[in-house]
Amino acid sequence: MSLNYPLKIIFHIVLGILLYSLDFFPRIFFLVVIIYFFVGVISAPQKEKTTIVLKASAYMVGAEVLFRMTSAGIFYESSKYFVIIFMLLGMFYNGISNKAYPYIIFLFLLAPSIVVASINIGLDSNLRTNIAFVLSGPVSLGIASLYCFDKKISLKQLVNVLFFLALPIVSLTTYLFLYTISLEEIFKGTQSNFAASGGFGPNQVATILGLGMFVFCVNFFLYSKVLLLRVINIVLFGVISYRGIITFSRGGVITAILMIFAFLAVFYFKSSVRNKRVIGVSFIAVLLASVVIWVVSSNQTSGLIDKRYSNQDKRGRLKEDVSAGRVDIFLGELDGFISEPFLGVGASGMKELRLIRSGEVVATHNELSRMLSEHGILGIFMLLILIFTPLTYRVNNKRNYFFYAFLLFWFATINHSAMRIAAPGFIYALALLNVTYEKRPVHRKRFIQ
């Protein structure tokens, strides 16, 4: 593992360079990835099916934003659909747990919103696209949860799945550095910065970079017994954190920090006294690295990033709305729930209503309010399923170190970025895995008569 690890990192740095330098390469890369994982899932031995399905899905999740910003995918939502396809393939080979029925109910509860939308607004081609966009996230979450529920996987395999998720994030980070070689001219204010985000949505970019921060920080704590791996992991954590911070999109970075603390809290209290000392030393190293990252980010942005996280404008004046307009959208969607409490306004209904009323296309950033407004009382049932099913599962299965970190990522992300990308649904599903631990071999002395 110690040799393959840096080689895979280097390979994905090279991929990032090629994706930026060659216009034709992104589409080729996308097709190669799809073919590689399809062949891998189909040809893998039965006992390895679960791991390869999760690796394939994780890679698509980690690469989704990169695919979008380079126009690599067949269409905009390609990654979500391929996550669904890989999970369905996994169900074909491995089946599902008979305890996973809440997620079957969840998927069925999504259907009425399509009927309501077709009746209220009319199902033209534009609306069909919008419906597919708003429902692809919840559907991918439901399918992934259905597959992952109570699936057995070792801790080492799960960490490897997360590594596959992080590999394309290395390519994305490389791409971002090439996209903005000179940073001096791009920081003019404290708003989210598209130039620092590769010309793409800073919210989505920061969310994915936040996942990369989390994975390489976890690897630094769990699997860095070799000095080279420790250096690689802390450097990647630092570089990805830096690029995440200078997008000026706070949600992804703050969520990553919360995930790291949630993981470390569980990991620390479940560790032996000796390992707690090692964790403590490693934690100090991560804190020092974080301070350096922040100082560099502050210097590169001429102090603007400090004002951003203090909710100030570039002149140092405190902004009235810390949510950047998200609260107004949230309250507007609650009005939609109040006006249509039983079945809601239908899939993509609030977006269409805002367009009619204001003449502007305003997308929601909050999946909770969207579920209430577009699904009505069914949305409440869906939220109850999503919140209480994993918590109930946790009562009898407390072996997943990542459980709270994964659940926290899902909940925080859908509150600042809805489900525009596949990441929150997939990470939520990983919290439902039945994580096992390799037993240490017991060496017994032979009794010789």
Side-chain angles (χ1 to χ4, degrees), residues 1-22 25-26 28-29 32-33 36-37 40 44 48 51-52 54-67 70 153-179 181 198 208-244 256 259-260 263-264 267 278-279 281-290 292-293 296 401-402 438:
M1 179 180 176
S2 59
L3 181 61
N4 287 334
Y5 196 91
L7 288 178
K8 287 176 181 177
I9 297 295
I10 293 168
F11 177 69
H12 280 81
I13 291 172
V14 173
L15 282 178
I17 296 170
L18 293 176
L19 287 165
Y20 177 80
S21 304
L22 304 175
F25 187 74
I28 294 174
F29 173 54
V32 169
V33 168
Y36 173 81
F37 282 114
E48 297 177 12
T51 306
I52 189 64
L54 292 177
K55 284 181 180 178
S57 302
Y59 198 92
M60 295 303 296
V61 169
E64 183 174 18
V65 169
L66 184 60
F67 286 153
T70 58
I153 185 172
S154 71
L155 176 63
K156 186 175 182 180
Q157 289 171 328
L158 179 54
V159 172
N160 204 14
V161 168
L162 292 176
F163 182 55
F164 267 70
L165 184 146
L167 283 172
I169 299 176
V170 173
S171 299
L172 169 62
T173 307
T174 305
Y175 183 95
L176 293 175
F177 272 104
L178 294 173
Y179 189 90
I181 295 176
I208 289 298
L209 291 176
L211 274 178
M213 291 169 58
F214 173 73
V215 172
F216 287 111
C217 187
V218 165
N219 283 358
F220 178 75
F221 281 94
L222 284 181
Y223 293 112
S224 290
K225 294 180 181 179
V226 180
L227 178 61
L228 175 63
L229 294 185
R230 292 182 70 83
V231 172
I232 289 173
N233 285 323
I234 200 69
V235 168
L236 286 173
F237 167 75
V239 171
I240 294 172
S241 298
Y242 166 68
R243 290 307 308 199
M259 288 179 75
I260 290 168
F263 162 74
L264 286 179
F267 184 49
V278 176
I279 293 168
V281 173
S282 298
F283 183 67
I284 292 171
V286 170
L287 279 182
L288 291 174
S290 301
V292 173
I293 295 160
V296 171
Y401 285 156
F402 302 103
E438 296 85 352

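Scope of the values below: all heavy atoms of this structure, side chains included, with no hydrogens, waters or symmetry mates. What you are looking at is a predicted structure, and each value in this text was computed from that prediction instead of being measured.
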- Could you please spell out the steps behind the side chain to side chain contact (heavy atoms under 4.5 Å, CB included) verdict for Met259 and Cys217? CA-CA 10 Å; Met259 288 179 75; Cys217 187; over 6 Å; no
- Item | CA sep, side-chain torsions, deciding dist, call: Leu236, Ile9, side chain to side chain contact (heavy atoms under 4.5 Å, CB included) | CA-CA 9 Å; Leu236 286 173; Ile9 297 295; 3.7 Å; yes
- In sequence, state the C-alpha distance, the side-chain angles, and the governing distance for Gln157 and Ser154, and then conclude on side chain to side chain donor-acceptor pair (under 3.5 Å). CA-CA 5 Å; Gln157 289 171 328; Ser154 71; 3.3 Å; yes
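Residues Leu165 and Ser57 have side chains not in contact (no heavy-atom distance under 4.5 Å, counting atoms from C-beta outward). Within the 4.5 Å cutoff, side-chain heavy atoms of Phe237 are placed close to those of Ile234. Looking only at side-chain heavy atoms (C-beta outward), Ile153 and Val161 come within less than 4.5 Å of each other. Within the 4.5 Å cutoff, the side chain of Ile240 has heavy atoms near those of the Ile169 side chain. Contact check for Val218 versus Tyr401: no side-chain heavy atoms found under the 4.5 Å cut-off. Residues Phe402 and Leu155 meet the side-chain proximity criterion, which asks for heavy atoms closer than 4.5 Å. Looking at heavy atoms from C-beta onward, Tyr5 lies in side-chain contact with Asn219 at the 4.5 angstrom threshold. The closest side-chain heavy-atom distance from Lys8 to Leu167 is below 4.5 Å.
Minimum heavy-atom separation, Val33 to Met60: CG1-SD, 3.9 Å. Here the closest heavy-atom approach between residue Arg230 and residue Phe220 is recorded as NH2-CZ, 3.3 Å. Ile52 and Ala44 get closest at one heavy-atom pair: CG2-CB, 3.8 Å. The shortest heavy-atom contact between Pro6 and Ile232 is CB-CD1, 3.6 Å. Considering every non-hydrogen atom in both Ala256 and Gly210, the closest pair reads CB-O, 3.3 Å. Leu66 and Ser171 make their closest contact through CD2-CB, 3.8 Å (heavy atoms, listed as atom of the first residue, atom of the second, distance).
Atom-to-atom distance recorded for Tyr175:OH and Leu19:CG is 8.0 Å, nearest 0.5 angstrom. Taking CZ from Phe25 and CD1 from Ile17, the interatomic distance works out to 11.0 Å, rounded to the nearest 0.5 Å. Atoms CG and CZ, on Leu172 and Phe177 in that order, are 11.0 Å from each other to the nearest 0.5 Å. One finds the OH atom of Tyr36 at 7.5 Å from the NZ atom of Lys55 (value rounded to the nearest 0.5 Å). A distance of 7.0 Å separates CD1 of Ile260 from OG of Ser290, quoted to the nearest 0.5 Å. In this structure, CG in Leu162 is found 6.5 Å from CZ in Phe214, a value given to the nearest 0.5 Å.
In summary, the aromatic rings of Phe221 and Phe283 are positioned with their centroids too far apart to meet the 6.0 Å limit.
With sequence neighbours excluded, the residues forming a side-chain hydrogen bond (donor to acceptor under 3.5 Å, both in side chains) with Tyr59 are His12, listed by chain and number. In this structure Thr70 satisfies the side-chain hydrogen bond (donor to acceptor under 3.5 Å, both in side chains) test with no other residue, sequence neighbours excluded.
Between Phe163 and Phe216, the ring-plane angle classifies as perpendicular under the 30° and 60° cut-offs.
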